[in-house]
Amino acid sequence: MTNVKIINAIKFKKILNKATYHSYYIDEKLALKISYWYEMKTDFSGLLVPQIEEDIEQAIWVKKEDLPNYFDTMYLSIIDVVKEI
């Protein structure tokens, strides 16, 4: 993707944190993933590639005001991220 500009780091007010955390297994060992999130802008409008290994089945462009229409298909932690922006 080209022409990506970071606007702001997302800070979570409710938990006073700058990251989200989730655990999963790698080769039967528990791992902790720390994700830092950023509000970004781009003029790219091409196809997006979902991260299948993270169980993300679809990645699409959506207008900011339409995001709540997709909450029923999002992970709860992603909804928390979206609500911060």
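Source: prediction; values computed, not measured.
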Exercise for the section: Output the rest of the hydrophobic cluster of I26: all Ile, Leu, Val, Met, Phe, Trp and Tyr residues reachable through side-chain heavy-atom contacts under 4.5 Å, sorted by chain and number. Expected result: Y24

Handout entry: Check: T20 main-chain N/O paired with S35 side-chain donor or acceptor under 3.5 Å
Key = no

Problem - W37 reachable from Y75 in the ILVMFWY side-chain graph, under 4.5 Å edges - result: yes

Practice task
Check the hydrophobic clustering (I, L, V, M, F, W, Y; side-chain heavy atoms under 4.5 Å; chains of links allowed) and say if V81 and L76 are grouped together.
Solution key: yes

Exercise for the section: First locate atom CD1 of I52, then atom CD of E57, and finally report the distance between them rounded to the nearest 0.5 Å. Expected result: 7.5 Å

Handout entry: Joint cluster assignment, Y25 & L32, ILVMFWY side-chain distance < 4.5 Å
Key = no

Practice task
Drop me the distance from D80's CG to F12's CZ, to the nearest 0.5 angstrom.
Solution key: 7.5 Å

Handout entry: Rounded distance [0.5 Å steps], NE2 in H22 versus NZ in K33
Key = 5.0 Å

Practice task
Spell out, as yes or no, whether a donor-acceptor pair under 3.5 Å connects the side chain of W61 to the backbone of G46.
Solution key: yes

Problem - Linked, directly or transitively: I60 and I56 (ILVMFWY side chains, under 4.5 Å) - result: no

Practice task
Using a cut-off of 6.0 Å, state whether more than 12 heavy atoms not belonging to E53 lie near its atom CD.
Solution key: yes

Exercise for the section: Rounded to the nearest 0.5 Å, what's the gap from OH on Y70 to CD1 on I79? Could you check? Expected result: 14.0 Å

Fill in the blank from the handout: CD1 (I10) and CE (M40) are apart, to the nearest 0.5 Å, by 8.5 Å

Handout entry: K64 side, atom NZ; E39 side, atom CD - distance, nearest 0.5 Å
Key = 5.0 Å

Problem - Side chain to side chain, V82 and F71, heavy atoms closer than 4.5 Å - result: yes

Completion exercise
Using a 4.5 Å side-chain heavy-atom cut-off and chaining through intermediate ILVMFWY residues, the residues clustered with V49 come out as none

Handout entry: I7 with F44, same ILVMFWY side-chain cluster at under 4.5 Å
Key = no

Exercise for the section: Using a 4.5 Å cut-off on heavy atoms from C-beta on, say whether the side chain of M74 contacts that of L67. Expected result: yes

